[in-house]
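All values below come from the heavy atoms of this structure, side chains included, with hydrogens, waters and symmetry mates left out.
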Amino acid sequence: MESTLVNKVVKSVVEAKPVIEVSPSRRDAFIGAANIPLRHARCDIHKTEAWFNASNKVNQRLRSGALIMLCGNRGAGKTQIAAEAIKFTASEGRSSLYCTAMDFFIDVKRSYRSDAKRSEYDVINDYRKPSLLVIDEIGKRSDSDWENSLLFHLIDKRYCGMKDTILISNQERAGAVEGIGASLASRMQETGGIIECNWKSFREVTR
């Protein structure tokens with residue numbers, strides 16, 4: 001039984017291959033610039049078949065301007081799936097950026113200071129540039145009109161520019177879809193879809 005699972009996992013991992021592989025040093029440079037949280041950059045969780053299948057689905061949908069939502073249980077390895085997508089993107093010599101929704105809004109608010117060196121346009125443009133943008137904790141926001149408008153503007157610009165975007169939410173499917181709104185949900189359905197991560201949390205300690 002165990003060998004069968006291992007074979008399936010190996011098959012899942014190799015199905016999504018880089019189109020163009022770059023040198024290890026260039027790959028590492030792209031990974032280093034992506035702002036992956038240290039815990040996830042060094043993570044070695046005991047990944048399951050369900051996790052590998054979800055990770056493979058994400059990687060297969062990249063390169064096409066995909067808008068993908070990872071939603072579901074806390075501790076299911078959603079951020080780790082996104083971290084692996086960043087590494088996959090880096091292996092093809094393409095840039096990525098990881099942030100939380102709050103990181104983005106704080107960055108924009110900094111541009112409103114009188115001594116700010118970047119305008120709101122500059123900040124949004126910086127988040128538009130990477131080939132892959134990961135926005136974590138998408139449900140952890142105030143749901144104000146200002147935040148909703150900014151988030152839609154950024155993601156729509158990336159959608160129009162054929163840039164890959166991964167959103168991560170601890171909400172169940174219905175709540176996650178409601179949170180991003182009908183317009184973004186429609187774009188997501190067209191380009192990438194929703195991947196529910198409802199398996200057992202990796203944070204639970206087995207004694």
Side-chain angles (χ1 to χ4, degrees), residues 12-13 15-16 18-19 30-31 33-37 39-41 43 45 47 50-92 94-105 107 124 126-141 147 150-173 175-177 179-181 183-199:
S12 175
V13 172
E15 277 178 354
V19 173
F30 277 114
I31 292 173
N35 195 39
I36 302 174
R39 182 173 298 277
H40 296 286
C43 185
I45 61 175
K47 304 175 182 71
W51 185 95
F52 271 109
N53 287 339
S55 181
N56 193 53
K57 282 181 183 178
V58 170
N59 289 349
Q60 287 179 330
R61 295 174 188 179
L62 299 177
R63 317 181 190 102
S64 61
L67 176 56
I68 302 168
M69 170 76 80
L70 297 173
C71 66
N73 296 340
R74 289 177 173 83
K78 298 185 296 296
T79 301
Q80 194 61 41
I81 289 173
E84 298 305 320
I86 287 174
K87 295 174 186 177
F88 181 83
T89 300
S91 71
E92 297 187 330
R94 296 182 293 121
S95 60
S96 299
L97 179 64
Y98 168 93
C99 70
T100 65
M102 188 59 68
D103 289 334
F104 170 61
F105 295 131
D107 212 5
I124 293 173
D126 286 343
Y127 284 85
R128 286 177 56 186
K129 288 178 181 177
S131 295
L132 169 62
L133 176 65
V134 175
I135 307 180
D136 207 342
E137 300 288 359
I138 199 73
K140 294 278 188 179
R141 52 196 178 88
E147 288 187 356
L150 270 180
L151 194 62
F152 175 82
H153 179 69
L154 170 63
I155 297 175
D156 184 59
K157 288 294 184 182
R158 293 186 57 80
Y159 165 85
C160 291
M162 298 288 289
K163 299 291 185 73
D164 297 320
T165 306
I166 298 174
L167 308 180
I168 305 175
S169 173
N170 289 325
Q171 298 165 294
E172 294 300 317
R173 183 188 186 101
V177 170
I180 63 172
S183 294
L184 289 183
S186 175
R187 287 160 173 77
M188 185 175 293
Q189 183 178 18
E190 174 198 356
T191 63
I194 297 173
I195 298 175
E196 296 181 83
C197 306
N198 288 326
W199 48 84

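- The side-chain contact (heavy atoms from CB on, under 4.5 Å) test with Ile166 is passed by exactly one of Val58, Thr79, Asp136, Leu133: Val58.
- Trp199 and Ala50 get closest at one heavy-atom pair: CE3-CB, 3.7 Å.
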Side chain to side chain contact (heavy atoms under 4.5 Å, CB included) between Phe88 and Leu62, worked out:
CA-CA 9 Å; Phe88 181 83; Leu62 299 177; 4.0 Å; yes
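- A donor-acceptor pair under 3.5 Å links the side-chain atoms of Thr191 to the main chain of Leu67, judged by distance alone.
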Can Ser96 and Val134 be said to form a side chain to side chain contact (heavy atoms under 4.5 Å, CB included), step by step?
CA-CA 8 Å; Ser96 299; Val134 175; over 6 Å; no
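- Note that CZ of Arg173 and CD1 of Ile194 are 4.0 Å apart. Values are rounded to the nearest 0.5 Å.
- When every heavy atom of Ala41 is checked against every heavy atom of Ile36, the shortest pair comes out as N-CG2, 3.8 Å.
- Side chain of Asn56 to main chain of Asn53: no donor-acceptor pair is present (N/O by atom type, distance under 3.5 Å, no hydrogens or angles).
- With hydrogens and angles ignored, the 3.5 Å screen pairs a side-chain donor or acceptor of Lys163 with a backbone N or O of Lys129.
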Would Ile124 and Lys157 satisfy side chain to side chain contact (heavy atoms under 4.5 Å, CB included), going step by step from the backbone distance to the final call?
CA-CA 9 Å; Ile124 293 173; Lys157 288 294 184 182; 5.5 Å; no
Intermediate values then yes/no, side chain to side chain contact (heavy atoms under 4.5 Å, CB included), Leu184 and Leu167
CA-CA 11 Å; Leu184 289 183; Leu167 308 180; 5.5 Å; no
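- Closest approach of Ser131 to Thr89, counting heavy atoms only: CB-CG2, 4.5 Å.
- Residue Ile180 comes nearest to Met69 through the heavy atom pair CG2-CE, 3.7 Å, listed as atom of the first residue, atom of the second, then distance.
- Side chains of Asn170 and Lys78: a donor on one and an acceptor on the other come within 3.5 Å.
- Between Ala85 and Asn59, the shortest heavy-atom distance links the atoms CA-OD1, 3.4 Å.
- Applying salt bridge (Lys or Arg N to Asp or Glu O under 4.0 Å) to Asp164 and the options Arg61, Arg94, Arg158 leaves one that passes, Arg94.
- Ile86 and Ala34 make their closest contact through CG2-CB, 3.6 Å (heavy atoms, listed as atom of the first residue, atom of the second, distance).
- To the nearest 0.5 angstrom, Thr165 atom OG1 is 7.0 Å from Leu154 atom CG.
- For the pair Glu84 and Lys87, the salt-bridge criterion is met [side-chain N within less than 4.0 Å of a carboxylate O].
- Here CG of Leu151 is found 12.0 Å from OH of Tyr127. Values are rounded to the nearest 0.5 Å.
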